[in-house]
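Structure first, commentary second.
Small disclaimer: the values here were computed from a predicted structure and weren't measured.
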Amino acid sequence: MFSAYSALSTPGRGAARLAAATVVSGLTAAGVLAGAGSAAADGAAQSRGGATATVNGLKTYGTAVMDGATGQQQVPAGLFEMSVEGGGMLQTYCVDIQSPTQKGAKYHETPWSGTSLGTNPHAGHIRWILQNSYPQVNDLAALAKKAGVRGGLTEQDAAAGTQVAIWRYSDDAEVRALDPQAERLADYLEDKARSLAEPAASLRLDPPAVAGRPGERLGPVTVHTDADRATVTPPADAAASGVRIVDKDGRAVTSVTDGSQVFFDVPEDAEAGTAELTVQGSTTVPVGRAFASESRSQTQILAGSSESTVSAAASATWGTTGAVPALSAAENCAEGTLDITAVNRGDEAFTFELMGTEYAIAAGETRTVEVPLQEGQPYDFVISGPGGFEKRFTGVLDCLTQGSESESGQDTQIVGEPAPAAAGGIAAGTNLAETGGSGVTPLIGAIALGLVIVGGGTLLIIRRKNTDPQE
């Protein structure tokens with residue numbers, strides 16, 4: 001048996017006619033989610049791994065001029081600074097000139113496929129620019145000579161020129177640096193750039209979810225990282241449940257390296273349940289890794305990293321009879337979907353209904369369920385199954401640059417985005433953009449408030465299924 005609830009906000013041109021339904025459905029769904037929210041509070045937005053950081057703001061920058069439908073507009077252009085959870089600092093550029101960056105927004109290291117870079121044929125050119133300009137190249141005299149910049153470069157010039165070159169590839173924008181030296185650098189970088197492959201994650205676990213029966217070693221879960229060594233934290237209730245984290249020979253594992261494989265060793269008499277392990281290490285995050293926010297704050301791409309804390313988690317589900325599911329998810333910008341990978345290691349079908357579609361994962365089957373989402377649409381899915389199993393996926397689909405959205409007829413004049421409905425109430429908040437699109441997307445208080453009310457409250461409730469999966 002399975003149940004799923006979904007809280008979705010749908011901003012856009014049809015929002016006004018949904019206003020009346022918003023208040024009613026919003027209040028109803030908030031109450032429904034209150035029961036499931038606490039049990040699933042630790043659920044993941046997707047199968048993330050790597051660094052998590054909070055943006056501090058734009059630190060080294062100059063000025064750029066963008067040509068738009070309303071004329072020329074000046075915007076700040078340069079390097080952001082981020083503080084990593086657990087320790088470390090990151091430097092980033094943005095890849096969406098017309099979107100705002102919300103100060104204090106939380107970001108997660110994310111595959112290109114989960115951002116606008118995933119559908120951008122020039123994403124590899126951006127990585128080349130990052131590796132061949134400031135701050136990776138911090139000898140500014142040498143950089144100026146290579147780029148043919150007379151009079152040299154300041155840090156502000158170098159940062160602005162690099163950001164402008166990135167925007168030309170990330171947004172296909174008509175943009176130039178106001179300072180002549182910075183503009184010369186931007187032209188050089190744009191002209192010389194060639195495509196490089198996406199860098200690997202600083203740390204990820206594959207797969208992020210496994211399932212099986214008590215008395216088995218569930219896995220393997222393979223560690224992929226460029227950290228020299230990482231620490232394995234066993235499930236919080238390991239002492240009581242008897243679940244151990246072991247290698248293929250059954251030896252307890254407390255630390256791992258790249259390529260290590262670990263297993264959940266579940267006692268034979270264990271009742272149906274779930275457990276989660278965490279792997280944490282310290283490394284420099286590879287240049288070119290994307291960082292996406294939880295609130296659709298401007299997507300960032302890594303330009304430099306100190307030694308920083310990185311982490312990833314993997315879960316296990318077990319049971320003796322019935323469906324035994326394991327779930328993980330990843331955003332797929334190429335298809336505009338949230339791809340939920342469902343594994344069933346039980347002896348009965350794992351049956352559920354999601355977004356109006358019914359699915360049945362047969363015993364022993366692994367299948368990816370593609371959940372279509374609208375651009376900019378926050379999602380909040382709680383999926384439950386036998387033995388108290390619950391998995392929550394939250395996030396926001398952020399796959400287009402604002403320029404692309406404008407071309408497709410969507411509004412680009414929103415400085416802050418409404419948050420998805422949360423357990424116990426509807427959370428809605430916006431932060432004035434500090435950089436990037438702040439000069440392009442002015443805050444219009446009354447309109448923004450209206451969008452929060454309309455967009456943040458529109459909720460879809462997916463009904464609980466009480467049918468037997470064998471029927």
Could you check whether [Y] and [X], counting side-chain N and O atoms only, form a donor-acceptor pair closer than 3.5 Å?
X      : Y      : answer
Thr52  : Glu85  : no
Gln102 : Ser295 : yes
Thr222 : Gln261 : yes
Gln300 : Thr92  : yes
Thr283 : Asp226 : yes

Atom CG of Leu58 and atom OG1 of Thr101: how far apart are they, to the nearest 0.5 Å?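 So the gap between those two atoms works out to 8.0 Å.
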To the nearest 0.5 angstrom, please state how far the OG1 atom of Thr368 sits from the CD1 atom of Ile340.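 If I round to the nearest 0.5 Å, the distance is 10.0 Å.
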With respect to Thr317, which candidate in Thr274, Val266, Leu218 satisfies the side-chain contact (heavy atoms from CB on, under 4.5 Å) definition?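 Of Thr274, Val266, Leu218, side-chain contact (heavy atoms from CB on, under 4.5 Å) with Thr317 is met by Thr274 alone.
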Provide the closest heavy-atom pair for Phe389 versus Pro325 in the form atom of the first, atom of the second, distance.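 The answer is CE1-O, 3.7 Å.
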Could you tell me which non-hydrogen atom of Arg127 sits nearest to which non-hydrogen atom of Glu198, and how far apart they are?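 The pair with the smallest heavy-atom distance is NH1-C, 4.0 Å.
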Check this for me: [X], atom [atom1], are more than 12 non-hydrogen atoms of other residues, nucleotides or ligands nearer than 6.0 Å?
X      : atom1 : answer
Asp249 : CG    : yes
Lys248 : NZ    : no
Glu365 : CD    : yes

So does [Y] get a backbone contact from the side chain of [X], meaning a donor-acceptor N/O pair under 3.5 Å?
X      : Y      : result
Thr337 : Asp339 : no
Arg244 : Gly250 : yes
Arg345 : Arg213 : no
Arg229 : Thr257 : no
Ser133 : Ile129 : no

For the residue pair His122 and Tyr169, does the interplanar ring angle fall in the parallel (under 30°), tilted (30 to 60°) or perpendicular (over 60°) class?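 Ring orientation, 0 to 90° scale: tilted.
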